[in-house]
Amino acid sequence: MPLALLALAIGAFGIGTTEFVTAGLLPEIADEFGVSIPTAGLLTTGYALGVVVGAPVLAILGGRIPRKTMLMGLMGLFVVGNALSAAAPVFSLMLAGRIVASLAHGAFFGIGSIVAAGLVAPQKKAGAIAMMFTGLTTSTVVGVPMGTLVGQNVGWRVTFLIIAGLGVLAVLGIAALVPPQPRPERTRLSGETAAFRNPQVLLAMAMTVLGFGGVFTMSTYLAPMMTDVAGYAPSSVTWLLVLFGLGMLVGNLIGGRYADRALMPMLFTALGGLAVLLALLPLTAHDKTAAAVTIPLIGAFGFATVPPLQKRVLDQTADAPTLASAVNIGAFNLGNAIAAWLGGLVISAGFGYTAPNWVGAAMAASALLLALLSAALERRTTGPSAGRVVAGGSPAAAEREAAPAAR
């Protein structure tokens with residue numbers, strides 16, 4: 001794998017840290033601003049919705065900018081947003097800072113996925129995408145727990161200042177390590193939007209919303225669930241986040257490896273396992289040991305869906321991938337926003353801090369049904385031999401990916 005993937009992983013590390021760190025600091029932030037836990041959960045919802053909006057808008061606006069330059073500019077926007085969150089005197093301004101930072105998220109991962117896939121041979125594309133996302137998963141093992149620890153002991157504002165510093169480091173890393181990128185070929189907006197007339201693209205994005213969104217019904221309310229239900233001390237939330245992050249890291253690498261071999265079976269396994277584990281957590285959350293086992297497994301099965309879903313969208317939109325790739329990253333966060341919102345609703349309705357996991361299990365099960373539908377439609381329209389050329393891809397994409405090997 002090229003060294004340039006390290007630069008992309010640095011940016012992903014910073015983004016992942018700011019995305020997930022509020023899960024560990026939700027009680028502290030709620031206390032300082034005098035808001036309820038469900039209200040503080042809007043920091044997750046607002047961030048996710050910012051990704052949904054920012055992904056297509058910035059992908060379109062940056063369509064003629066060299067991708068390396070665009071990636072550096074997006075990280076600059078990320079720095080501004082986190083600095084605003086750190087300095088916010090009221091909750092509304094902190095939420096605004098979260099939204100500003102989130103605008104860079106979808107376009108960064110969408111464009112970064114294209115850059116990563118273009119750095120390697122066709123048969124290694126999912127692995128390269130997974131390597132970039134390793135920065136995101138590593139942030140859950142290192143960045144988020146450390147940010148939580150700092151926030152609980154020094155102050156959550158210091159955490160966001162450190163995250164802004166990570167953004168500056170990411171800009172420098174991209175400048176030094178990512179090779180110069182040619183100006184993207186002029187593609188008409190109609191060409192980019194044509195991808196959304198492909199039922200397989202829409203199904204993949206729906207799977208993204210429902211499948212990965214299910215993970216966030218658990219992770220958004222992890223801190224109050226573990227302290228109030230499982231009986232952990234607040235200081236233990238840091239180590240539970242480490243376990244969750246380790247699961248995500250392992251799941252991401254496994255998902256990237258096997259998506260290059262058998263994309264749809266990988267999705268079936270990951271989504272099915274995720275639905276079962278989320279349904280079990282309301283039971284295991286009442287026991288410290290059982291909860292500590294279930295949480296990393298949810299992270300592993302949840303993040304095992306990311307490389308195959310992103311690769312499936314790229315395979316289906318090989319002629320004009322930028323907008324679709326960015327929108328699919330937005331779809332991950334649309335799922336996060338829906339999950340955090342629904343989780344807050346069931347908590348506010350008095351069902352307790354474990355109830356959001358039932359919502360997550362239903363979302364993951366729905367995603368599995370869509371995956372089965374997608375596979376059935378693909379068999380009907382392309383025949384049984386199509387998947388053997390490039391798993392999850394369209395026949396046209398398969399021919400393009402086979403061409404370098406033929407030469």
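The first residue of the sequence shown is numbered 1, and numbering continues consecutively from there. The structure displayed is predicted, hence computed values, not measured ones.
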Pair Leu58-Leu77, side chain to side chain contact (heavy atoms under 4.5 Å, CB included): steps then yes or no: CA-CA 11 Å; Leu58 291 177; Leu77 186 63; 4.2 Å; yes
Of all pairs that satisfy side-chain hydrogen bond (donor to acceptor under 3.5 Å, both in side chains), the ones with a partner from [range], not counting sequence neighbours:
range            : result
residues 341-363 : none
residues 2-21    : Thr18-Asn82, Thr18-Arg98, Glu19-Asn336
residues 241-258 : Thr134-Asn252

For residues 204-228, tabulate all N or O donor-acceptor pairs below 3.5 Å that involve a side-chain atom, not counting sequence neighbours.
residue, atom, partner, partner atom, Å
Thr208, OG1, Ala204, O, 3.0
Thr208, OG1, Asn328, OD1, 3.1
Thr217, OG1, Gly214, O, 2.6
Thr217, OG1, Pro356, O, 3.3
Thr220, OG1, Phe216, O, 2.8
Tyr221, OH, Ala340, O, 2.7
Tyr221, OH, Gly344, N, 3.1
Thr227, OG1, Ala223, O, 2.9
Thr227, OG1, Pro224, O, 3.3

Backbone N/O of Leu25 and side chain of Thr22: donor-acceptor pair under 3.5 Å: no
Donor-acceptor contact present, side-chain Lys288 to main-chain Tyr232, <3.5 Å: no
Leu370 and Leu271: CA distance, side-chain angles, deciding distance, side chain to side chain contact (heavy atoms under 4.5 Å, CB included) verdict: CA-CA 10 Å; Leu370 291 181; Leu271 291 171; over 6 Å; no
Measuring from [X]:[atom1] to [Y]:[atom2], what's the distance to the nearest 0.5 Å?
X      : Y      : atom1 : atom2 : answer
Ile10  : Ile174 : CD1   : CD1   : 8.0 Å
Thr305 : Met266 : OG1   : CE    : 8.5 Å
Ile15  : Ile163 : CD1   : CD1   : 11.5 Å
Leu241 : Met146 : CG    : CE    : 12.5 Å
Thr284 : Leu277 : OG1   : CG    : 8.5 Å
Leu166 : Phe160 : CG    : CZ    : 12.0 Å

Where is the tightest heavy-atom contact between [X] and [Y], given as atom of each residue plus distance?
X      : Y      : value
Ser85  : Gly97  : OG-C, 3.3 Å
Pro199 : Arg197 : CD-O, 3.4 Å
Ala175 : Met72  : CB-CE, 3.7 Å
Leu8   : Val178 : CD2-CG2, 4.3 Å
Gly81  : Val100 : CA-CG1, 3.7 Å
Ser36  : Thr39  : OG-OG1, 2.9 Å

Any Thr294 side-chain heavy atom under 4.5 Å of Leu297 side chain: no
Pairwise side-chain contact, Met94 with Trp156, heavy-atom cut-off 4.5 Å (strictly under): yes
Pairs involving residues 29-40, ordered by first then second residue, that meet salt bridge (charged side-chain N to carboxylate O under 4.0 Å, His left out) (sequence neighbours left out): Glu32-Arg157
Got a sec, which residues hit side-chain contact (heavy atoms from CB on, under 4.5 Å) with [X], two or more places apart in sequence or on another chain?
X      : answer
Ala4   : Leu119, Pro179
Ala361 : Leu278, Ala279
Ala362 : none
Val150 : Val154, Val158, Thr159, Ile162

Qualifying ring pair (Phe, Tyr, Trp, His ring centres under 6.0 Å) pairs, either residue in residues 234-253, two or more places apart: none
Pairwise ring pair (Phe, Tyr, Trp, His ring centres under 6.0 Å) hits with a residue in residues 75-129, at least two apart: Phe33-Phe91, Tyr47-His105, His105-Phe109, Phe109-Phe133
Step-by-step side chain to side chain contact (heavy atoms under 4.5 Å, CB included) determination, Ile298 to Ile295: CA-CA 5 Å; Ile298 289 174; Ile295 287 170; 5.6 Å; no
side-chain hydrogen bond (donor to acceptor under 3.5 Å, both in side chains) partners of Gln200, counting only residues at least two apart: Arg312, Ser374
Verdict with supporting geometry, Leu74 and Met70, side chain to side chain contact (heavy atoms under 4.5 Å, CB included): CA-CA 6 Å; Leu74 290 169; Met70 188 65 183; 4.1 Å; yes
